[in-house]
Each structure stands twice: as C-alpha cells, then as structure tokens.
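Below you'll find the structure, written out as structure tokens, and then a few comments.
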Amino acid sequence: MSSIASGLKGRAELGVALLLGVVGVVVFLDTSRLAITYSQTDPVGPKTLPYLVSGLLIVCAVLLAIDVLRGGQGEAEGGEDVDLTHPADWKTVLPLAGAFIANILLIDWAGWVISGTILFWGSAWALGSRHYVRDGIISVALSVLTFYGFYLGLGIHLPAGVLKGIL
Amino acid sequence: MDVWSSLMDGFATALTPMNLLYAVIGVLLGTAVGVLPGLGPAMTVALLLPVTQVLEPTSAFIMFAGIYYGGMYGGSTTSILLNTPGESSSVITAIEGNKMAKAGRAAQALATAAIGSFVAGTIGTALLAMFAPIVVQFAVSLGSPSYFAIMVLALLAVTAVLGSSRLRGFSALGLGLAIGLVGAGSGQARLTFGIPLLTDGIDIVVVAVAIFALGEALWVAAHLRRTPLHAIPVGQPWMGKSDWKRSWKPWLRGTAFGFPFGALPAGGAEIPTFLSYVTEKRLSKHPEEFGHGAIEGVAGPEAANNASAAGTLTPMLALGLPTNATAAVMLAAFTGYGIQPGPQLFASQGPLVWALIASLFIGNFLLLIINLPLAPLWAKLLQLPRPYLYAGILFFATLGAYSVNLQAFDLVLLLVFGALGFMMRRFGLPVLPLILGVILGPRLEDQLRKALKLSGGDPLGPNGLFGEPIAVVVYIIVAIILVWPLLFKLYRRARPAAVSMPATSMPATRSGASEPQEAGGAVSHGSHRADGNPGGDGGDGDG
C-alpha cells in the first residue's frame with residue numbers, strides 16, 4: 001500500500017474514535033437528564049451503569065485516537081470471498097444499500113412479495129449478476145415461497161400490501 | 001445415576017420422530033451454511049432465530065444443537081477445499097488440510113476431519129454432561145456478588161484476551177453495552193430519544209442479524225474477489241489403514257486440548273487448535289510431512305476445534321455465560337423464550353437442557369453418517385454464484401429481522417447496525433465483545449442491583465461486592481488479565497533484544513497487538529471470521 005493510502009486509512013480510523021466519543025457523550029447527556037429516584041429497593045439506580053459505559057467509551061475514544069495518530073491500525077477482516085488487495089468498492093455497496101432502503105420504504109405499502117423481489121434482484125444486480133431474467137425468476141420465486149412458507153408454516157403474516165386479495 | 005437418568009430422559013425427548021426431524025434439519029442446514037463462504041455458525045443461528053421463535057423451545061434447541069456442530073464441520077470442509085478458512089477456529093486445519101487436498105488426498109483430509117469431529121464431539125459432550133451439573137452445584141451456592149464478579153470476568157476475558165487489539169476490543173464492548181442500555185428496562189427510559197418503538201429496548205435478534213449477517217454481506221460485497229477461489233473437487237471421503245493409525249491419537253490429544261479451553265471464559269478454539277498442531281508436529285514420526293499435508297495436522301486441530309465447541313456449552317448452560325459468538329446467540333434465543341439463563345437453568349428447565357445435550361450426541365452421530373456420503377455435494381455448494389449467495393444473505397437477514405415484530409422500523413435499525421458491523425470489520429473492531437455487551441449488559445446491571453440490595457447500598461461493606469471469597473478470587477483473576485500485558489511489556493522493554501521488532505510496530509504493542517499468547521491463535525474476531533493467511537499465522541511453528 002502506498003504511503004498516501006495508508007495515511008488516508010489512518011485518518012479514516014479517526015472516524016471510529018469520533019463515533020465512540022459521540023456515543024459516549026450522548027450516553028452521558030442522556031443519563032444526566034434522568035431524575036434520580038433513590039430507593040432502598042434500588043440502591044444502584046438507573047444512572048450508574050450508563051455513566052460507567054459513557055466513561056469507557058470516552059476513554060476508548062481518546063486512546064484510540066492517540067493510537068491511530070501514533071500509527072496504530074486495526075486489521076481489516078479477511079474471509080473466503082474477501083480480497084483486501086483492492087480498496088472498498090463503493091459501486092457495489094451503495095446500490096446494495098439502495099436495494100435495502102427500497103425494501104424498507106416499500107415493505108408496508110407494496111408488501112413483502114414486491115419489496116422482497118426488488119431487494120433480491122437489486123442486490124444480485126449490485127453484486128454483478130447480469131442474468132436479468134434468471135435473477136428475476138429467482139427473486140419472485142423466493143419472495144412468493146417465503147411469503148407462503150411463513151404464512152402457512154410459521155403462522156407469521158408478512159404484509160401482502162397492494163397484492164392483498166390476490167395472494 | 002442422577003445425571004444418567006436425566007440424560008436418558010433427554011434422549012427419550014430428542015428421539016421422538018418430530019424432534020429427530022428437527023435434528024436432521026439442523027445438521028443439514030448447519031453444514032450447508034457452514035460450508036458456504038461468508039456464513040459461520042453464529043450467523044446461521046442468528047438468521048434462524050426468528051423462525052424458531054414459533055417452534056417449541058425444545059424443538060428449537062434440538063435444531064440449534066445440530067446447527068452448532070454442523071456449522072463447525074462445514075467450516076472445516078471449506079477450509080480444506082478452499083484454503084481460506086471461514087472461521088478463525090479452522091485456520092489451523094486449513095494449513096495441512098489444504099496441502100493434503102492439493103496432493104490429491106482431499107478424501108482422507110475430509111474423512112479424518114469428520115471422524116475426528118465425531119470422536120471429539122462425542123467425548124466433549126460426555127464431559128459436558130458430566131461437568132455441567134458439578135459446575136451448577138458449585139454455582140447455585142454463589143451469591144449475587146460472586147455471580148456479578150464472574151460475569152465481569154467473562155466480559156473482560158473475552159474482550160482482553162481474544163482478538164488482536166485490546167483497545168479495539170474494549171471499544172466494541174463499550175458500544176455493545178451502550179446498545180444494551182437502550183430501553184426502559186431499568187424503570188427509566190434510557191437512550192430512547194423520545195422514540196416509543198425504542199422503549200422496549202433493541203431486539204437482540206435484530207442486533208445479531210445486523211452485525212453478523214448484514215455487516216458481513218456488505219463487507220464482503222465491498223471486497224468481493226474478482227475471480228472466485230478454485231475449490232478442489234472431492235469424491236467420497238475415506239481413510240486407509242495407515243491413515244487411521246496416524247489419526248486416532250491426534251484425535252484424542254486434540255480433544256484433551258480443546259475441551260478445557262472451550263470451557264474457560266475466553267478460551268476459544270484458536271489456542272487449543274494451535275497447541276494441538278504444535279504437539280502433533282513434535283510427536284509425529286513424520287515431522288518432515290508437516291507443511292506438505294500431514295494427516296495428524298488435520299486430525300488433531302479439528303478434534304480440538306470440536307471439543308472446544310462442546311466445552312463452550314459448559315459455562316453457557318451451567319452459568320448462563322456465553323464465551324463464543326454462537327453460544328451468545330443461542331443464549332439470546334433462551335431469553336427470547338422467556339427462559340432465564342443461569343445456574344438455575346438445570347433446575348428450572350431440566351428436561352429442555354438434557355434434551356439439548358442428548359441432541360448434541362445425536363447431531364454428532366447424524367453429522368458423521370450424513371456428511372461422509374454428502375461431502376461431494378457440499379463441495380458443489382462452494383460453486384454457488386456469489387451474487388446469489390450474498391443477495392440471499394441480505395434477503396433472509398431482512399426477512400428474519402422483519403418477521404420478529406413486523407415493523408419496518410426494525411429494518412432501519414438493521415441497516416444502522418449493519419453499517420456498524422461493516423465499520424467494525426473495516427477497522428478491526430472484534431464483534432464478539434459487542435454482542436456479549438448487548439446480552440450481558442442488562443443482566444450485569446440486574447445482578448449488581450441484587451448484590452447491592454443485600455448490602456443495603458454499600459458496595460464495600462461486609463455483604464458488598466467483595467463480601468464473598470469467590471468474588472475476591474475472581475477479581476484477582478480479572479486484575480491479572482488486565483495487568484498482564486503491561487507486565488509483559490515492561491519485561492520486554494527490560495530485555496529489548498529478546499524479541500526483535502520493527503520500530504514502527506512498537507506503538508501498536510500498546511494495544512496488545514502482538515502478545516505471544518495471541519500470536520498463535522492469530523485472530524478471532526468474534527464473528528468467527530479469520531484474518532490473514534493461515535500460512536503466516538505461526539503455523540510453521542519454527543519457534
């Protein structure tokens with residue numbers, strides 16, 4: 001990895017420290033607004049653990065920031081299908097997240113069969129599959145099968161949405 | 001005796017046709033998913049949690065038992081045929097296993113792994129059945145202060161001992177504890193930000209699915225291999241006479257390493273598999289074969305891996321303390337059924353626990369008879385087109401998380417925590433401390449409350465946190481775990497020549513990046529994913 005890239009990586013990890021710090025501060029602020037109701041039955045109170053957690057997070061944030069500035073690095077995780085030699089491929093991840101968000105927006109209105117189809121088809125497309133028809137058939141089949149499988153097999157009624165009455 | 005008759009009752013429950021069917025489904029699902037790249041046993045259990053919520057608890061846990069061992073076995077198949085271990089626990093198996101496969105001995109490697117897993121799993125489960133009741137007897141005599149101390153120990157041990165960076169472990173733990181705070185469980189609405197849907201807390205299923213499944217799928221998607229790895233084709237596994245002769249002792253020795261380490265908090269499977277490998281290399285009559293596909297190097301570590309999986313269940317069932325990711329998710333399933341994990345579990349849910357233990361035996365046996373003939377089929381699973389695999393993971397993760405409460409809001413949480421899981425993988429934050437923090441955080445607070453109620457609110461009083469001898473002993477162990485790396489660093493600084501390290505990596509030692517006890521296991525992000533190249537993980541054992 002070039003020195004520029006590793007420099008960038010070092011700076012990116014500061015974001016983790018920032019996140020830890022922000023969460024720590026949020027936990028602290030949220031806890032401090034709780035009204036204390038001291039009672040014999042609850043000597044610990046609702047504030048003790050949150051304060052400890054916020055302290056832990058803030059300490060970790062500071063130490064992590066120092067560690068990163070001194071050149072420390074977290075190891076990115078490997079795996080069977082993971083190739084760490086090339087940088088993160090946002091052209092895959094962003095459409096994938098898009099398919100996921102589309103599902104969130106559509107699931108209650110359009111129903112699982114439609115939103116699930118879009119989710120699978122969109123994800124497969126984002127991941128590089130270009131067999132549009134085959135992907136479509138698999139997507140529809142999976143969505144319909146899970147809809148009925150959950151309905152009949154598990155008694156879980158996934159939303160039918162606009163297809164209500166047809167399914 | 002008592003254990004024996006309880007166990008027989010367990011078998012009677014587990015062997016009913018329906019439950020046997022669940023065991024078979026569990027074993028098949030577990031192996032299939034374990035073989036699939038990118039999916040570990042923890043993720044499998046997490047994905048199936050919502051589905052099993054409608055089953056009877058006994059049937060669900062019988063299925064989990066199958067998934068647990070099946071996932072383990074599936075993982076080793078992948079590492080032998082692909083040479084990239086799916087789980088940190090199969091790193092060592094991959095070293096010799098893949099060399100054997102490349103030399104045309106894939107069938108023998110898979111056979112010794114399968115039979116070794118069976119032997120180790122059976123012995124390990126028997127030890128579990130023997131020791132868990134003893135641990136329970138000891139544990140029920142403990143008061144809240146001791147129990148609180150043991151929970152602290154489990155959390156800190158997993159955070160500080162496993163993983164390559166303690167600092168990042170504690171960061172993950174803090175995040176997990178913060179997630180566990182959300183909700184009104186303490187009587188006050190904490191971290192709900194006025195959102196009514198958060199009042200009940202964040203469903204552990206959603207967190208687990210998000211971190212394990214979604215985070216993993218997004219992470220792999222960002223770094224998908226352009227050219228998928230080539231899997232070595234394999235026929236029916238079998239072993240010749242000399243293979244048996246060379247395998248049986250490593251199986252037993254591996255079991256002896258694996259079980260105790262699995263039973264310890266933070267023992268994990270990495271250290272025993274590594275120890276087993278080194279031992280077999282030293283004892284082997286064919287040390288020159290190591291590094292070129294020695295069967296002992298597959299048999300021993302694989303047995304150690306499975307025995308440690310059985311060992312892990314001892315603290316999980318006897319104390320309610322999960323020490324690996326799969327056990328953590330299974331514990332979440334217990335709470336999903338309203339079953340209180342802890343020392344009272346054996347008393348309150350005796351039939352369920354014994355049915356679970358009995359089905360571990362059954363699952364193990366099923367694995368052996370199912371997996372030997374099906375190995376060529378499993379190998380074919382490795383060819384599944386990656387877009388379908390990861391799209392499928394996303395699809396089922398969504399379905400699972402949504403079906404718990406049928407709320408689109410849960411999917412928003414899923415995405416948020418999925419993004420968190422992605423970030424953690426990117427920056428080397430281990431996943432296990434986070435999950436344990438979410439699960440154990442609320443129980444820790446509960447136990448602290450109980451302990452202090454007894455002492456009248458005085459933490460240092462005679463009935464306070466240090467009021468029981470066991471608690472004091474446990475705190476001393478905690479202190480040693482925390483201080484040990486500092487002492488080690490001082491020692492090394494006093495003798496800088498002892499370990500020659502590049503100057504640039506010195507700051508990294510601050511976070512414990514290179515303690516020797518971790519160098520062997522090399523890894524262990526709690527998600528059971530391994531880092532790095534197995535060949536480089538000290539497996540050559542030249543030390």
Side-chain angles (χ1 to χ4, degrees), chain A residues 13 16 20 23-24 27 30-31 34 41-44 46 49-50 53 56-57 60 63-64 67 70-84 86 88-90 92-93 96-97 100-101 103-104 107-108 116 119-120 123-124 126-129 138 142 146 150 154-156 158-159, chain B residues 37-38 51 54 78 82 84 86 164-165 167-168 170-171 174-175 177-178 181 186-188 190-191 218-225 229 385-388 390-391 394-395 398-399 403 408 411-412 415 423 425-429 445 448-449 452-453 457 504 507-508 510-511 525 529-532:
Chain A
E13 204 174 348
V16 181
L20 292 171
V23 175
V27 172
D30 182 81
T31 308
L34 292 176
T41 50
D42 183 8
V44 180
L49 187 66
V53 171
L56 173 68
L57 282 167
C60 281
L63 289 180
L64 189 65
D67 185 59
R70 286 171 66 178
Q73 270 185 7
E75 280 176 84
E77 195 175 281
E80 294 103 336
D81 284 342
V82 173
D83 180 2
L84 290 174
H86 61 81
D89 177 10
W90 295 105
T92 305
V93 177
L96 215 53
F100 194 88
I101 292 169
N103 174 59
I104 297 179
I107 191 163
D108 284 330
L119 173 65
F120 188 91
S123 305
L127 287 159
S129 176
I138 295 175
L142 268 179
T146 47
F150 271 59
L154 301 171
I156 295 174
L158 296 168
Chain B
V51 178
V54 296
T78 316
L82 270 187
T84 350
S164 53
S165 162
L167 175 58
R168 288 169 181 80
F170 278 108
S171 305
L175 289 173
L177 289 171
L181 287 175
S186 63
Q188 294 256 11
R190 293 190 299 206
L191 293 172
L218 291 175
W219 173 240
V220 175
H223 293 276
L224 197 59
R225 264 178 222 283
L229 292 169
R386 296 305 186 254
Y388 292 156
Y390 293 102
L394 280 177
F395 181 88
T398 308
L399 185 60
S403 64
L411 295 181
V412 177
L415 187 63
M423 187 204 80
R425 285 172 173 81
R426 166 71 175 79
F427 294 110
L429 262 58
E445 191 177 21
L448 180 66
R449 192 166 288 139
L452 289 192
K453 210 187 282 182
T504 48
R510 180 183 179 74
S511 51
H525 292 306
R529 315 280 317 158
D531 303 8

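A note on names: the letters A, B, ... follow the listed sequences, proteins ahead of strands, and every chain is numbered from 1.
- Rounding to the nearest 0.5 Å places CG of A:L20 at 6.5 Å from CG of B:L429.
- Residues A:T146 and B:F395 meet the side-chain proximity criterion, which asks for heavy atoms closer than 4.5 Å.
- What you find for A:A124 and B:A391 is that their closest heavy atoms are N-CB, 3.7 Å.
- Both the backbone and the side chain of B:L415 come within less than 4.5 Å of a heavy atom in chain A.
- Two residues are said to be in side-chain contact when any heavy atoms from C-beta on lie closer than 4.5 Å; B:L399 and A:L158 meet this criterion.
- We find the CZ-CG distance between A:F100 and B:L394 to be 7.0 Å, quoted to the nearest 0.5 Å.
- Contact of the A:T92 side chain with the B:L224 side chain is not registered, since no non-hydrogen atoms from C-beta on lie closer than 4.5 Å.
- Interface residue A:L119: only side-chain heavy atoms are found under 4.5 Å from chain B.
- The shortest heavy-atom contact between A:L56 and B:G174 is CD2-CA, 3.6 Å.
- Rounded to the nearest 0.5 angstrom, A:L142 CG and B:Y388 OH are separated by 10.5 Å.
- Closest approach of A:L127 and B:A221 over heavy atoms only: CD2-CB, 3.6 Å.
- Of the possible polar contacts, none joining the B:R190 side chain to the A:P50 backbone as a donor-acceptor pair under 3.5 Å is found.
- The shortest heavy-atom contact between A:V53 and B:A178 is CG1-N, 3.8 Å.
- Smallest separation of non-hydrogen atoms from A:L57 and B:S171: CD2-O, 4.2 Å.
- Counting heavy-atom pairs closer than 4.5 Å to chain B, the top-ranked of the candidates A:T31, A:V27, A:L64 is A:L64.
- For A:A126, the side-chain contact (heavy atoms from CB on, under 4.5 Å) partners are A:P95, A:L96, not counting sequence neighbours.
- In this structure the side chain of A:L49 never reaches within 4.5 angstrom of the side chain of B:L448, judged on heavy atoms.
- From B:L191, atom CG reaches atom CG of A:D30 across 4.0 Å, with rounding to the nearest 0.5 Å.
- The most heavy-atom pairs under 4.5 Å with chain A, out of B:V412, B:L411, B:L177, come from B:L411.
- For the options A:A97, A:G116, A:G128, A:A88, heavy-atom pairs under 4.5 Å to chain B are most numerous at A:A88.
- No side-chain heavy atom of B:R426 sits less than 4.5 Å from a side-chain heavy atom of A:V16.
- Residues satisfying the side chain to side chain donor-acceptor pair (under 3.5 Å) criterion with A:S129, sequence neighbours excluded, are A:D135.
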